[in-house]
2 protein chains.
Amino acid sequence: MGQQPRTSAAKGASGADQVARVAGIKDVARQAGVSVGTVSNVINRPEAVLPETRSRVLAAIEELGYVRSESARQLRAGRSRIMALLVLDMGNPFFVDVARGAERAAREAGLGVMVCNSGQSPAEEAEYLGLFAEQRVCGVLVTPADATGRNLEAFSRHHIPFVLVDRVASSPGHCAVSVDDVRGGSLAVGHLLTAGHRSVAYVSGTGDLHQIRDRREGALSALDRAGLGPEALVEIPSDRLDVAAGRDAGARLLGLVPRPTAVFCANDLLALGVLQSLYAAGVRVPQDIAIVGYDDIEFAAAAAVPLTSVRQPAVVMGRMAAELLLQEADDEDGTHEHRSVVLQPELVVRASSTTPH
Amino acid sequence: MGQQPRTSAAKGASGADQVARVAGIKDVARQAGVSVGTVSNVINRPEAVLPETRSRVLAAIEELGYVRSESARQLRAGRSRIMALLVLDMGNPFFVDVARGAERAAREAGLGVMVCNSGQSPAEEAEYLGLFAEQRVCGVLVTPADATGRNLEAFSRHHIPFVLVDRVASSPGHCAVSVDDVRGGSLAVGHLLTAGHRSVAYVSGTGDLHQIRDRREGALSALDRAGLGPEALVEIPSDRLDVAAGRDAGARLLGLVPRPTAVFCANDLLALGVLQSLYAAGVRVPQDIAIVGYDDIEFAAAAAVPLTSVRQPAVVMGRMAAELLLQEADDEDGTHEHRSVVLQPELVVRASSTTPH
DNA sequence: CATCGTTGGTGAATCGATTCATTACTGATT
DNA sequence: AATCAGTAATGAATCGATTCACCAACGATG
């Protein structure tokens, strides 16, 4: 086994008989002395083949190191056994959890998952969607990067099912799984108001994202309930949603006059960045400024000051989205009903927003 | 455009003429009044077609919404235009960075990347490798989950190139990109010894991973240089390498007598978990126990006590690995020389290991 | 005018697995 | 003995893009 001349096998057709590139189903059939149809049956419907024949075929498969070609299956089937997941940013542990949930559900169904980052760029998103169409993926889970929905509208002509993740359905042509972001924003800001704050900064994204807008709306509604007008929400926009952007936002927050006594961040990465900035400037959290984040990623609890955050059921969301997609993809007779599932967020209070004693 | 009866097109063959499932190259050829070969040329060698013909074909493509099928291309080409990346844990930001680097390099070459988690399980790893073989991916970047190398040995019979990531080459049959973990461990523990510690705990993984063993070896060599024996390193093994495992390890650390005054963690996730445990138990860091982590993930700096850590050039590693793989995959004439690249880590000192004043 | 080269285009063969109508055979039933 | 049912296996057609040997048309050249 270890002594065979591997090098010669690895090179091109320089040797005796063709070097048998990669064994195909025909090679197996020849080796086992059966037809290709039988080999296919052994692989896909073993019970339809006599045990004796079956084992002969399996032996041939083993001997030749045969691995069936997915491309050929796909070509015949018209679509691949891969599900695509397009998220905004894999650097955000929230999306890693979504991916985990989706992957688990997909694996149970025998599918692979191709995870991609749009990086919040509609152009990147469009490019990836094009790639998915070429790949004839069996479906796409997507957290849309552009609010216009133009990319997805264009994509829908390919008749590949897709499910929106972390976003409510914008049209009746697909399923969606989301978390009630309005409620999440309301929980976060309501909590701050209860703690006595009367002016809250909102560190947000560009506003292209529904999540961001909804959280803002929830924040405003909480203010409204407390008898405060929208001017009590001081917006600090930020083009990206990562820790570095949070640091920038923190610096800008420090420059505001009057300085808000509380800040609500559109996600935990921003919150961690803001926290770093405040910390570096000697501003105490929560005494001087209280912080509430969003997503409750694992690192929120480990922060310099453990972060109060709005927890989202990320893994569940990924799993549900994948399951909805599978339902739709398996639907032969057009009985599939598009569904829009909305999950509920939960406030997790930690030190960053609770005045000590 | 918005008025066409989309529903009828979406359903099965209930209407007039076959519903034209998905337009193929033949449909385009017919529509444009040319042969399939010409359509193929328009797509792949546009300069070889008269501008007039070309635009007619492009118009047909546009009109039919034609998207070429990757499966068919792959079948013909023998391999896909997708590179696989199999990491230990996408929940670890370190691997997210590796993925980022790899993805960037792959995209530049027009390839897609399929990112998968082995979760440190050799069985999962084997399953994924099997999937990759079926997919006929053009290559695999892998951080091996089993130290025996059995999975990869089995995989090598498929003649699909692979590059080891974060691991030195174990055999001459492939490229590898790694970081000098011995040196990293040595830097970390050397730093602790310089700060006056004489007994260091090492929170490690199961020992199946080379990274873990090498970091340990580096730690021992640092002890040796300081005239201390291996008994000065108190090992706290842990089956996984995430924050939860770190919390467990922290609890065990607290139970040790005599209690080490410093702890070196095999990665930052463990370190963050340990930190949480110590913090919860009222043990001060670094006054009572100093902590050094590994990887210098973004969240290390944001921790309750900012973590001293050993930084690895993760993005660079991912990119280099992908580039090596592409070189090997594009290599027709067997001139490819397998290379093993070793990158250098760097110690980043923060509050978790420096005695105040 | 015949020959050659070039350019633009053709269409059949190919990749490998699946599917399905067909055949070969074995027992059982009438 | 003839018919039928059922099982096991066959092999040709199919999916869609690529490739390549070949062809037609045209201008240039001897």
Side-chain angles (χ1 to χ4, degrees), chain A residues 13 18-58 60-61 64-81 133-138 158 332, chain B residues 13 18-58 60-61 64-81 133-138 158 332:
Chain A
Q18 203 78 348
V19 196
R21 305 294 284 170
V22 179
I25 199 172
K26 275 191 292 231
D27 304 298
V28 174
R30 192 176 325 118
Q31 172 93 3
V34 296
S35 71
V36 292
T38 301
V39 176
S40 178
N41 280 335
V42 168
I43 297 169
N44 302 299
R45 285 179 300 277
E47 74 286 354
V49 177
L50 280 187
E52 198 270 325
T53 315
R54 195 193 311 155
S55 58
R56 219 167 59 237
V57 171
L58 289 175
I61 286 177
L64 297 176
Y66 166 76
V67 180
R68 95 180 140 198
S69 153
E70 260 295 312
S71 352
R73 303 188 75 197
Q74 282 176 32
L75 175 59
R76 193 88 231 289
R79 60 171 154 135
S80 87
R81 301 175 54 72
E134 287 194 351
Q135 299 281 347
R136 301 284 196 273
V137 296
C138 62
H158 301 128
E332 304 289 316
Chain B
Q18 203 78 348
V19 196
R21 308 293 287 169
V22 179
I25 199 171
K26 275 192 291 232
D27 305 298
V28 174
R30 192 174 329 117
Q31 172 93 5
V34 297
S35 73
V36 292
T38 301
V39 177
S40 179
N41 281 334
V42 168
I43 297 170
N44 301 300
R45 286 180 300 278
E47 74 287 355
V49 178
L50 278 189
E52 198 270 326
T53 316
R54 193 194 312 155
S55 58
R56 219 166 61 236
V57 172
L58 289 174
I61 287 177
L64 297 176
Y66 166 77
V67 179
R68 94 180 140 198
S69 153
E70 261 295 311
S71 351
R73 304 188 74 196
Q74 281 177 32
L75 175 58
R76 194 86 230 293
R79 61 171 153 136
S80 87
R81 301 174 54 72
E134 287 195 350
Q135 299 280 348
R136 302 282 197 275
V137 296
C138 62
H158 301 129
E332 304 290 316

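Quick caveat, the model's predicted, so the values are computed rather than measured. For the numbers below, each heavy atom of this structure counts, side chains included, while hydrogens, waters and symmetry mates do not. Each chain gets a letter, A, B and so on, in the order the sequences are listed, and its residues count up from 1.
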message = Please report the distance, rounded to the nearest Å, between CZ in B:Arg30 and P in C:dT10.
response = 14 Å
inquiry  = Expressed as a whole number of angstroms, how long is the span from B:Arg54:CZ to C:dG9:C1'?
reply    =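 Between C1' of C:dG9 and CZ of B:Arg54: 14 Å.
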Just to be sure I understand the rule, does [X] reach a base, reach only the sugar-phosphate, or reach nothing, if contact means heavy atoms closer than 4.0 Å?
{"X": "A:Ser40", "result": "base"}
{"X": "A:Val39", "result": "nothing"}
{"X": "B:Leu75", "result": "base"}
{"X": "B:Arg76", "result": "base"}
{"X": "A:Arg45", "result": "sugar-phosphate"}
{"X": "A:Ser71", "result": "nothing"}

Using a 4.5 Å cut-off on heavy atoms from C-beta on, say whether the side chain of [Y] contacts that of [X].
{"X": "A:Arg73", "Y": "A:Arg76", "answer": "no"}
{"X": "A:Val57", "Y": "A:Val49", "answer": "no"}
{"X": "A:Gln74", "Y": "B:Gln135", "answer": "yes"}
{"X": "B:Arg30", "Y": "B:Asp27", "answer": "yes"}

request  = Provide the start and end nucleotides, 5' to 3', of the part of DNA chain D that has atoms under 4.0 Å from heavy atoms of chain A.
outcome  =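 Listing 5' to 3', DNA chain D meets chain A from D:dA8 to D:dG16.
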query = Want to settle it: does B:Arg136 or B:Glu47 sit nearer the 5' end of DNA chain C, counting the closest nucleotide to each?
reply = B:Glu47
query = Does A:Val36 or B:Thr38 map to a spot on DNA chain C nearer the 5' end, using the closest nucleotide for each?
reply =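 Going by which nucleotide is closer to the 5' end, it is B:Thr38.
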request  = Begin from the C-alpha positions of B:Arg56 and B:Thr38 and carry the test side-chain contact (heavy atoms from CB on, under 4.5 Å) through to its verdict.
outcome  = CA-CA 11 Å; B:Arg56 219 166 61 236; B:Thr38 301; over 6 Å; no
ask   = For B:Val67 and A:Arg136, what are the C-alpha separation, side-chain angles and deciding distance, and is it a side-chain contact (heavy atoms from CB on, under 4.5 Å)?
value = CA-CA 9 Å; B:Val67 179; A:Arg136 301 284 196 273; 3.9 Å; yes
